[in-house]
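Chain naming here is simple, since letters A, B, ... match the order of the sequence lines and numbering starts at 1 in each.
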There are 2 protein chains.
Amino acid sequence: MTDRYHHGDLRRALIEAAVTALGESGPGSLSLRAVAKRTGVSHAAPAHHFGDKAGLLTAVATEGHERFADALERAWSETGDFVEVGVAYVRFAVDYRAYFEVMFRIELLHLDDPDLDRARDRSNRVLYAGMDEEAAEAAPRLAAWSLVHGFAVLLMAGNFDEEVAADPEAAVREIAAQLNDLPGADRGDRR
Amino acid sequence: MTDRYHHGDLRRALIEAAVTALGESGPGSLSLRAVAKRTGVSHAAPAHHFGDKAGLLTAVATEGHERFADALERAWSETGDFVEVGVAYVRFAVDYRAYFEVMFRIELLHLDDPDLDRARDRSNRVLYAGMDEEAAEAAPRLAAWSLVHGFAVLLMAGNFDEEVAADPEAAVREIAAQLNDLPGADRGDRR
DNA sequence: AGTCGCTTCTTGATAGTGTCAAGATTTGCG
DNA sequence: CGCAAATCTTGACACTATCAAGAAGCGACT
């Protein structure tokens with residue numbers, strides 16, 4: 001299964017190798033050749049499946065958005081609390097750092113890829129699942145998204161002190177409480 | 001002045017060339033050799049002043065944080081409104097994109113550089129200038145910073161619709177209004 | 001004046017990168 | 001069985017960062 005000429009599911013294997021490599025060193029120093037070697041194929045094998053480096057990262061980002069949407073969806077359906085969706089947002093960034101680092105680095109991706117487009121759309125929709133569609137105008141959505149995304153990004157870039165970094169989820173709940181018209185869960189029952 | 005062996009102030013010139021190059025193509029595709037050629041020196045000249053690529057980017061990030069702190073400081077002293085500091089935050093990200101893109105990409109920088117450290121410290125302090133030191137616990141600070149940083153990052157990554165992207169400053173003011181205990185300016189006079 | 005030391009910059013080489021073209025191998029289908 | 005298409009390899013090219021060694025200018029001290 002491993003040393004045949006045809007790999008079987010090389011595409012899958014390359015994506016997984018890329019993800020583990022990303023987890024070790026980040027997207028900046030990811031090398032197609034290293035991913036190929038890790039998978040046991042020649043240096044040009046990835047090009048056939050993904051076209052170029054951005055193509056591989058696009059595939060990773062697509063898979064990332066799918067997992068991301070799953071995680072957010074799960075959080076919402078399990079708790080019904082919009083804040084917990086935000087917590088899941090940050091938890092994903094921490095637990096699936098390799099994916100998260102790629103998903104929002106658009107200069108590394110093929111934005112015209114239809115699969116990526118679909119996946120991004122879904123995770124976008126899922127994020128807002130808990131909000132009353134008509135009532136909430138744009139501002140609360142933007143605020144909530146910005147808040148949680150900014151927190152995740154700053155956290156991963158090491159901008160917070162140890163206390164916050166030690167228990168990010170608790171910190172998210174605290175800062176989420178700073179939003180006055182918390183969208184989603186029926187207003188008024190909060191606090 | 002230009003074609004002497006000793007350039008005069010090559011360090012300055014290289015930083016400026018790097019900034020304009022960053023503005024054209026982003027930090028991922030920045031090449032030391034291209035910066036050198038742009039400045040009219042040999043391909044290895046930058047190494048002498050900055051050690052390596054990360055050294056050059058560190059210098060750019062340092063200068064960026066200084067300009068950043070200046071901008072935030074100016075906004076605070078001119079308006080006395082904490083929201084306007086947030087607006088200045090986003091405006092800086094848009095107007096000085098080249099700097100901003102580098103400042104928070106720690107994997108590209110030498111975090112042990114003392115100059116960078118000082119500059120980061122200052123822009124950090126200035127950001128919180130408008131907050132009552134003792135009264136405000138950590139949460140409002142984190143919330144405000146996360147909110148505005150997340151907005152800036154998502155904006156630059158093209159995650160917002162045209163309406164928001166067309167007038168980001170107005171959007172920042174809207175989402176800032178979603179924070180309930182807006183820190184800084186004496187409470188109560190807001191709205 | 002002269003020469004020594006130091007900073008500044010250049011030249012050359014090395015190892016690594018992404019991408020492209022051409023060929024080899026395997027599979028599936030008629 | 002045989003052929004076409006998909007899959008992967010090999011080889012090459014241009015480009016990159018980084019390092020070592022040398023050249024060029026500057027300043028200071030005798």
Side-chain angles (χ1 to χ4, degrees), chain A residues 1-22 24-61 102 105-113, chain B residues 1-22 24-61 102 105-113:
Chain A
M1 174 95 62
T2 73
D3 51 349
R4 289 190 327 225
Y5 194 99
H6 279 37
H7 180 281
D9 195 355
L10 181 56
R11 186 187 155 88
R12 256 267 52 103
L14 287 172
I15 291 180
E16 288 174 6
V19 169
T20 70
L22 284 168
E24 293 169 4
S25 37
S29 59
L30 180 79
S31 138
L32 279 186
R33 295 173 110 100
V35 171
K37 182 173 294 184
R38 204 186 275 261
T39 317
V41 293
S42 83
H43 69 257
H48 178 258
H49 287 276
F50 303 103
D52 55 2
K53 187 172 177 176
L56 173 55
L57 291 177
T58 298
V60 171
V102 160
R105 292 276 280 280
I106 59 172
E107 77 274 13
L108 302 177
L109 309 177
H110 284 147
L111 291 178
D112 53 339
D113 183 281
Chain B
M1 176 98 57
T2 72
D3 50 351
R4 289 196 323 232
Y5 192 99
H6 280 36
H7 181 281
D9 197 355
L10 181 55
R11 186 187 155 87
R12 255 274 46 108
L14 287 172
I15 292 180
E16 288 173 8
V19 169
T20 70
L22 283 167
E24 292 168 4
S25 37
S29 59
L30 179 79
S31 137
L32 280 187
R33 295 173 108 98
V35 171
K37 181 172 294 182
R38 204 185 275 262
T39 316
V41 293
S42 84
H43 69 256
H48 178 258
H49 287 275
F50 302 103
D52 56 2
K53 188 172 177 175
L56 174 55
L57 292 178
T58 298
V60 171
V102 160
R105 291 276 281 282
I106 60 172
E107 77 274 13
L108 302 177
L109 308 177
H110 284 148
L111 291 178
D112 54 339
D113 183 280

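Nucleotide D/dC15 holds its C1' atom 16 Å from the CG atom of A/Asp52, rounded to whole Å. Rounded to a whole Å, the CG atom of A/Leu30 is 11 Å from the P atom of C/dT19. The separation between A/Leu14 atom CG and D/dT9 atom C1' is 14 Å, rounded to whole Å. Per the geometry, CZ belonging to A/Arg38 stands 12 Å off P belonging to C/dT17, to the nearest Å. At whole-Å resolution of the value, CZ in A/Arg12 and P in D/dT7 are 16 Å apart. Atom P of nucleotide C/dC20 and atom CZ of A/Phe50 are separated by 16 Å, given to the nearest angstrom. At whole-Å resolution of the value, NE2 in A/His48 and P in D/dA5 are 13 Å apart. Between the CG atom of B/Asp9 and the P atom of D/dC26 there is a distance of 15 Å, rounded to whole Å.
Across all non-hydrogen atoms, the minimal contact from B/Leu30 to B/Ala18 is CD1-O, 4.1 Å. Pairing each heavy atom of B/Leu32 with each of B/Asp52, the nearest pair is CD1-C, 4.3 Å. Closest non-hydrogen pair, A/Pro27 versus A/Leu22, comes out as CA-CD2, 3.3 Å. Pairing each heavy atom of B/Ala59 with each of B/Ile15, the nearest pair is CB-CD1, 3.9 Å.
Taken from CD1 in A/Ile106 to CG in A/Leu111, the straight-line distance is 5.5 Å, to the nearest 0.5 Å. A distance of 11.0 Å separates CG of A/Leu56 from NE2 of A/His49, quoted to the nearest 0.5 Å.
When the nucleotides C/dC9, C/dT19, D/dT16 are ranked by their closest atom to the side chain of B/His49, C/dC9 comes out on top. Residue B/Val41 has its side chain nearest to C/dT10 when only D/dC8, C/dT10, D/dA17 are considered. The side chain of B/Ser31 has D/dA17 as its nearest neighbour among D/dA17, C/dT17, C/dT8. Here the nucleotide nearest the side chain of B/Leu32, chosen from D/dT18, D/dC8, C/dG18, is D/dT18.
A donor-acceptor pair under 3.5 Å is absent between the side-chain atoms of B/Thr39 and the main chain of B/Leu14, judged by distance alone.
Each of A/Ala34 and A/Ala47 was assigned the nucleotide of DNA chain C with the nearest heavy atom; the assignment lying further toward the 5' end belongs to A/Ala34. Comparing A/Lys53 and B/Arg11 by the nucleotide of DNA chain C that holds the closest heavy atom to each, the one mapping nearer the 5' end is B/Arg11.
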Nucleotide N/O of nucleotides 11-13 of chain C paired with protein N/O under 3.5 Å:
| unit_1 | atom_1 | unit_2 | atom_2 | d |
| --- | --- | --- | --- | --- |
| C/dG12 | O6 | B/His43 | NE2 | 2.9 |

